Amino acid sequence: MIDEECTMELTDGNIKLSLSTEEELQKLNDIFIDESNFFLNIEGEIGPSPYVCFEEGWFPENKNKEDFKMLSCYEDGNLIGWMTIIKGYPKEDAFYISHFSLVDTVKYKGYGKKIINMLCKYFKENQMKSARILVALKNWDGIRFWYKCGFDHITCTPYDVSYSEETFASIELEKML
């Protein structure tokens with residue numbers, strides 16, 4: 001399954017998740033560039049690039065780089081996406097998916113759900129009790145996807161804004177493992 005020391009790999013049939021490597025950064029950045037307009041339109045901002053995530057991590061103040069993992073997603077040996085997770089956040093027995101995206105050519109084929117199920121199964125086997133995700137309210141497909149993956153409990157709505165074309169808000173969803 002996952003070796004925390006220097007390799008991290010999960011496999012299920014033709015799907016593989018592994019710690020991202022420096023050699024993958026250009027391809028991961030290409031995926032990031034392709035998705036940037038989408039995230040800008042639904043979240044009002046673009047998260048950090050794979051280069052930043054790989055070098056510095058992307059985590060809250062009370063966590064550190066050892067708690068942060070950047071994973072590459074493969075289907076039949078082809079790089080199809082990437083994700084970032086924070087272990088032990090917001091509680092020690094939880095993990096947070098801070099970013100997840102797949103290339104457009106594989107969306108709506110069940111790979112995303114399979115990847116999330118693999119990750120949740122691994123963390124459940126390793127004593128985690130829950131998983132959380134922040135999803136933009138303007139991302140209807142994302143909300144539907146996370147709900148189908150079992151993220152059916154709203155934990156917070158961290159923004160205090162009125163709805164408009166120019167404002168952005170998200171909800172945090174939780175799945176019990």
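Starting from 1, each residue takes its place in the sequence as its number. What you are looking at is a predicted structure, and each value in this text was computed from that prediction instead of being measured.
Contact detail for K63 and G88: the closest heavy-atom pair is NZ-O, 3.1 Å. Nearest approach of S130 to M176, heavy atoms of both residues: CB-SD, 4.0 Å. Contact between P48 and W82 at its shortest, heavy atoms only, is O-CH2, 3.8 Å.
Remark: T21 OG1 to L28 CG distance equals 7.5 Å, nearest 0.5 Å. The structure places SG of C53 at 12.5 Å from CE of M83, a figure rounded to the nearest 0.5 Å. The distance from the CG atom of L137 to the OG atom of S170 is 6.0 Å, given to the nearest 0.5 Å. With rounding to the nearest 0.5 Å, the separation of CG in D104 from CD1 in I31 is 10.5 Å. L102 contributes atom CG, which lies 5.0 Å from atom CD1 of I80 (distance to the nearest 0.5 angstrom). Atom CZ in F123 sits 13.0 Å away from atom NZ in K175 (nearest 0.5 Å).
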Walk me through it: do F100 and F145 pass the test side chain to side chain contact (heavy atoms under 4.5 Å, CB included)?
CA-CA 12 Å; F100 179 50; F145 168 78; 3.9 Å; yes
I'd like to know whether F95 forms a side chain to side chain contact (heavy atoms under 4.5 Å, CB included) with K69, so could you lay out the CA-CA distance, the side-chain angles of the two residues, the decisive distance to 0.1 Å, and finally the verdict.
CA-CA 11 Å; F95 76 97; K69 302 290 181 207; over 6 Å; no
Test side chain to side chain contact (heavy atoms under 4.5 Å, CB included) on L71 and T84; report intermediate values, then the result.
CA-CA 6 Å; L71 303 171; T84 57; over 6 Å; no
Walk me through it: do E75 and I15 pass the test side chain to side chain contact (heavy atoms under 4.5 Å, CB included)?
CA-CA 5 Å; E75 183 258 335; I15 301 295; 3.8 Å; yes
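Geometrically, K65 does not engage F59 in a cation-pi contact defined by less than 6.0 Å to the ring centre and at most 45° from the axis.
Residues E172 and E174 have side chains not in contact (no heavy-atom distance under 4.5 Å, counting atoms from C-beta outward). For the pair Y111/V103, no side-chain contact is recorded, criterion being any heavy-atom separation below 4.5 Å from C-beta on.
Applying the salt bridge (charged side-chain N to carboxylate O under 4.0 Å, His left out) test to pairs two or more places apart or on separate chains, none has a residue in residues 21-34.
When hydrophobic clusters are built by joining Ile, Leu, Val, Met, Phe, Trp and Tyr residues whose side-chain heavy atoms come closer than 4.5 Å, directly or via intermediates, I154 is grouped together with I116.
For D141, the side chain to side chain contact (heavy atoms under 4.5 Å, CB included) criterion is met by Y108, N139, R144, not counting sequence neighbours. The ring-ring contact (aromatic ring centres under 6.0 Å, His included) search around Y89 returns Y96, not counting sequence neighbours.
Using bins of under 30°, 30° to 60° and over 60° for the plane-to-plane angle, the ring pair F151/W146 lands in the perpendicular bin.
When the shell of 6.0 Å around NZ of K148 is examined, it contains 12 or fewer heavy atoms from other residues, nucleotides or ligands.
Under a 3.5 Å cut-off, the side chain of Q127 and the backbone N or O of E125 do form a donor-acceptor pair. Judged by distance alone, with hydrogens and angles left aside, the side-chain atoms of N126 form a donor-acceptor pair with the main-chain N or O of Y122 at under 3.5 Å.
For the 3.5 Å distance criterion, the side chains of S20 and S72 qualify, holding a donor opposite an acceptor.
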